[in-house]
Amino acid sequence: MPELPEVETTRRFMVPHVEGRRIVAVELRHPRTGRRHENPADIVDRLQGQRVDRLERHGKFILGRLGSGLTWVTHLGMSGRVLIASPDDPEIAHTHFWARTDLGTEIRFIDPRTFGFVAVFTPEELKKELKLGRDALADLPRSPQLAARLSGRRAPIKSLLLDQRIVSGLGNIYADEVLFRARVRPTRPGGELTTDELKKLRAAIVAVLREGIEAGGTSLSDLAYLLPDGQAGGFRERLFAYGREHEPCRRCGTPIERIVIGGRSSYYCPNCQK
DNA sequence: AGTTCCACCTCAAAGC
DNA sequence: TGCTTTGA
DNA sequence: GTGGAAC
């Protein structure tokens with residue numbers, strides 16, 4: 001489940017193959033991947049022959065700024081990956097889109113679950129189609145501004161962290177990680193966080209995203225604690241601290257609880273995480 | 001408007 | 001082993 | 001991970 005760190009890692013991986021290159025051939029292989037367009041064929045027409053000036057990221061979106069002023073948008077959804085390949089490399093399953101550059105290499109979009117998409121939008125379409133808040137890494141609001149955005153909200157803080165219109169980039173895993181780091185219960189009404197908690201929360205967002213990127217992103221599931229320790233990746237503090245539902249917390253012994261917010265489940269220690 | 005719930009897909013691991 | 005269920 | 005329906 002790619003979140004901001006995975007998306008940023010993917011963007012950096014793509015840069016040398018994309019920035020300053022001209023797109024010489026494009027193919028959309030799966031109509032669902034182009035579903036954000038009324039006419040998915042527009043993607044091919046609008047990308048063909050264009051130069052990609054810069055490859056940027058906003059939240060979980062990868063944005064290729066084109067010479068024409070349009071923007072080539074990639075969203076990885078739940079299972080999207082980007083592969084760089086030669087035209088004669090065998091195609092792996094679920095390759096739903098590719099673009100070849102003047103370097104002769106192909107940028108291939110693989111997405112088994114098809115929750116991701118590719119688009120090429122005008123500035124107007126971009127504004128209308130992508131509901132985006134401030135980027136959680138590059139443009140994270142100071143805690144007073146966060147307080148203002150959260151004030152009066154009764155929804156659990158975790159839901160609000162997942163709302164890309166408030167701050168964009170966090171998903172289920174990183175939201176849990178951030179709340180653990182800040183020692184804030186996921187279920188707390190967003191508007192009731194204290195000034196101190198808000199500060200800790202903000203600091204935790206900065207720290208956890210940095211560490212995630214440093215680790216090269218991670219595709220671990222929220223159930224990674226079920227794996228042998230070595231496989232889970234060091235920066236994910238929470239997964240080592242806690243355990244499975246009903247089992248004693250590894251650090252304090254309190255039975256672990258399972259909570260479901262917005263259809264996403266997670267496990268936490270009601271004692272360690274106030 | 002804010003909040004909650006569910007559909008959208010395919011695959012792999014776990015359960016029986 | 002193979003089918004069903006669960007969760008990402 | 002997201003968008004839309006329903007309350």
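Reminder, nothing fancy here: chain letters follow the sequence lines and each chain counts from 1.
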Between D:dA5 and B:dC9 - P atom distance, rounded Å: 16 Å

Minimum-distance nucleotide (side-chain atoms of A:R264 versus D:dT2, B:dT3, B:dC9): D:dT2

Side-chain N or O of A:Q164 closer than 4.0 Å to phosphate OP1/OP2 of D:dT2: yes

Geometric class of the A:H96/A:H30 ring pair [parallel <30°, tilted 30-60°, perpendicular >60°]: perpendicular

Electrostatic pair A:R65:A:E56 at N-O distance under 4.0 angstrom: yes

Ion pair A:E177/A:R181, N-O distance below 4.0 Å: no

Atom-pair distance (CD on A:E3; P on C:dA8), nearest Å: 12 Å

Nucleic acid contacts - residues 138-154 of chain A versus DNA chain B, non-hydrogen atoms under 4.0 Å: A:R153, A:R154

Of A:L162, A:L161, A:L160, the residue whose pairing with A:K158 passes side-chain contact (heavy atoms from CB on, under 4.5 Å): A:L162

N/O (side chain, A:K131) to phosphate O (OP1/OP2, D:dT2) under 4.0 Å: no

Rounded distance (Å) that lies between atom C1' of C:dA8 and atom CZ of A:F115: 10 Å

Listed nucleotide nearest any side-chain atom of A:N172, set D:dG1, C:dA8, B:dC11: D:dG1

Sugar-phosphate only, base, or nothing, as touched by A:G171 at under 4.0 Å among non-hydrogen atoms: sugar-phosphate

Sugar-phosphate only, base, or nothing, as touched by A:P156 at under 4.0 Å among non-hydrogen atoms: sugar-phosphate

Qualifying residues under ring pair (Phe, Tyr, Trp, His ring centres under 6.0 Å), relative to A:F115, sequence neighbours excluded: none

Which nucleotide in B:dC8, B:dT10, D:dG1 has an atom nearest any side-chain atom of A:R32: B:dC8

Nucleotide nearest A:R113 when distance is taken to its side chain, options D:dG1, B:dT3, C:dA8: C:dA8

Under 4.0 angstrom between A:H94 side-chain N/O and B:dC9 OP1 or OP2: no

A:H75 side chain near D:dG1 phosphate (N/O to OP1/OP2, under 4.0 Å): no

Geometric class of the A:F97/A:W72 ring pair [parallel <30°, tilted 30-60°, perpendicular >60°]: tilted

Protein-nucleotide distance (A:D111, atom CG; B:dT10, atom P), rounded to Å: 11 Å

Face-on cation placement of A:R183 at A:F180 ring, 6.0 Å and 45° thresholds: yes

